[in-house]
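Quick caveat, the model's predicted, so the values are computed rather than measured. Naming: A, B, ... by sequence-line order, numbering from 1 per chain.
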Protein chains: 2
Amino acid sequence: MNKYEEKTISSKSIYEGKIISLRVDDVKLPDGNLAKRELVKHPGAVATIPITADGKIVLVKQYRKALNRTIIEIPAGRMEIGEAPLVTAKRELEEETGYGASKVTYIQSFATSPGFADEVIHLYVAEELYAIENPEEGDEDEFIELVEVTVEEAEKLVVSGEIYDAKTAFAILYAKFELKK
Amino acid sequence: MNKYEEKTISSKSIYEGKIISLRVDDVKLPDGNLAKRELVKHPGAVATIPITADGKIVLVKQYRKALNRTIIEIPAGRMEIGEAPLVTAKRELEEETGYGASKVTYIQSFATSPGFADEVIHLYVAEELYAIENPEEGDEDEFIELVEVTVEEAEKLVVSGEIYDAKTAFAILYAKFELKK
């Protein structure tokens, strides 16, 4: 099956952090040669495409230290240990947008950076939204602003670079073509 | 402008690797509180959606140590220092598929994991493909198999989980809807 599998010869833990950890593995390649692999471990995340009754997408604007700038994304968050993705989806939607959703549908999961990280995002569509009166607050170190846009407006935010991440780029194409059936 | 900006108080280098590096920053949040940010630095990458004359997508199958499995992706690779994205696009296409392309069109750039990494992928469509007689070989630690599929076949590979990364998920939606005009 895995004729290209890389067998781990040794593994060295470099860092164990709050969110990610880093290790460096020595691996044996299919041709018998050795190589190093720098590998980031991440707990995984869930993202939702929240669609309002009038067909708008609910997005969140937040500063991303890794990019040193503010970008606009679909709501997303890390899974807590043992948390089912659907539970994370609803929790993050409430924390980040104040919305609940009567209809939450799984779309697809994907790895974000398979070259160096194991992060996987599970993607959902959230429909039949309703405002939650006293929504749970999210992480105390997150500062977020809500943005509700049509698909056409979202596409302009891609062109202007304000939408700038893979999951949201996917979400907009998906909302444009797959949800308008 | 950046009212949510997080000001760096101190920055500690944890690891300087061959491909990625890791640092941990102490930042001051907009409310004055402090937080830690674990940040992976990556040189950036380019990916292409290669479309054959009969409308198939050229994909590459490779083992990804970070995921511990073989997945099918659009051709992609890291930018070398000072290399323009379009040059990377053509180089990686040749190295990974043996194809040259007379028409290479920029689509979009996106960050893959803005929560913890600065990796950005620049995405291109490669058309008018031709086989290169003695193609440049790629990284000596890469073992790759070519797969040419229709969009419908690609969608089945998503369902079966063999296609499992964000850039390829985006590429398939793009090829399905935006290229069939």
Legend entry - Largest heavy-atom contact set with chain A, pairs under 4.5 Å, which of B/V27, B/D31, B/V24, B/L123: B/D31
Inset, instruction - State the CZ-CZ distance between A/R64 and B/F116, to the nearest 0.5 angstrom. - result: 10.5 Å
Legend entry - Proximity breakdown for A/D141 and chain B, heavy-atom pairs closer than 4.5 Å: both
Inset, instruction - Using a heavy-atom cutoff of under 4.5 Å, enumerate the residues of residues 48-58 of chain A that contact chain B, numbered in order, or state 'none'. - result: none
Legend entry - Residues in residues 150-165 of chain A that sit under 4.5 Å from chain B, counting heavy atoms only: A/E155, A/V158, A/Y164, A/D165
Inset, instruction - Please name the pair of heavy atoms, one in A/A66 and one in B/D118, separated by the smallest distance, quoted to 0.1 Å. - result: O-CB, 3.3 Å
Legend entry - Expected output: side-chain B/E6 to main-chain A/K65 donor-acceptor under 3.5 Å: no
Inset, instruction - Could you pull out all residues at least two apart from B/E137 that satisfy side chain to side chain contact (heavy atoms under 4.5 Å, CB included)? - result: none
Inset, instruction - Treat each ILVMFWY residue as a node, draw an edge where side-chain heavy atoms are under 4.5 Å apart, and state whether A/L173 and A/L179 are in one component. - result: yes
Legend entry - Top contributor to chain A interface from B/A171, B/A35, B/A117 [non-hydrogen pairs under 4.5 Å]: B/A117
Legend entry - Region of A/I144 in contact with chain B, defined by heavy-atom distances below 4.5 Å: backbone
Legend entry - Distance, nearest 0.5 Å, that separates CG of A/L39 from CG of B/L67: 9.5 Å
Inset, instruction - For each of A/H42, A/K36, A/E73, tally heavy-atom pairs with chain B at distances under 4.5 Å, and name the one with the top tally. - result: A/H42
Inset, instruction - Please check if A/Y106 and A/V87 belong to a single hydrophobic cluster, counting links between Ile, Leu, Val, Met, Phe, Trp and Tyr side chain heavy atoms closer than 4.5 Å. - result: no
Legend entry - Winner by heavy-atom pair count (cut-off under 4.5 Å) against chain B, out of A/Y63, A/F170, A/F110, A/Y174: A/Y63
Legend entry - Derivation of the side chain to side chain contact (heavy atoms under 4.5 Å, CB included) call for A/E119 and B/T112: CA-CA 10 Å; A/E119 186 192 34; B/T112 54; over 6 Å; no
Inset, instruction - Evaluate the ring planes of B/F177 and A/F177, with Trp represented by its six-membered ring, and classify them as parallel (under 30°), tilted (30 to 60°) or perpendicular (over 60°). - result: parallel
Inset, instruction - For B/K90, enumerate each residue passing the side chain to side chain contact (heavy atoms under 4.5 Å, CB included) test, keeping only those at least two apart in sequence or located in another chain. - result: B/L86, B/V104
Inset, instruction - Please look at A/Q108 and chain B and tell me whether the side chain, the backbone, both or neither of the residue comes under 4.5 angstrom of a heavy atom of that chain. - result: side chain
Inset, instruction - Spell out, yes or no, whether B/Y4 and A/V60 are grouped together once hydrophobic residues are joined by side-chain heavy atoms under 4.5 Å, including indirect joins. - result: no
Legend entry - chain A contact via B/N33 - side chain, backbone, both or neither, heavy atoms under 4.5 Å: neither
Inset, instruction - Measure the spacing between CG of A/L22 and CD of B/E38 and express it to the nearest 0.5 Å. - result: 10.5 Å
Legend entry - Same apolar cluster: A/L93 and A/I132, side chain cutoff 4.5 Å: no
Legend entry - Side chain / backbone / both / neither for A/T8 at chain B, heavy atoms under 4.5 Å: both
Legend entry - Residue selection (most heavy-atom pairs with chain B, distance under 4.5 Å) from A/K167, A/R23, A/E145: A/E145
Inset, instruction - Spell out, yes or no, whether B/I172 and B/I107 are grouped together once hydrophobic residues are joined by side-chain heavy atoms under 4.5 Å, including indirect joins. - result: yes
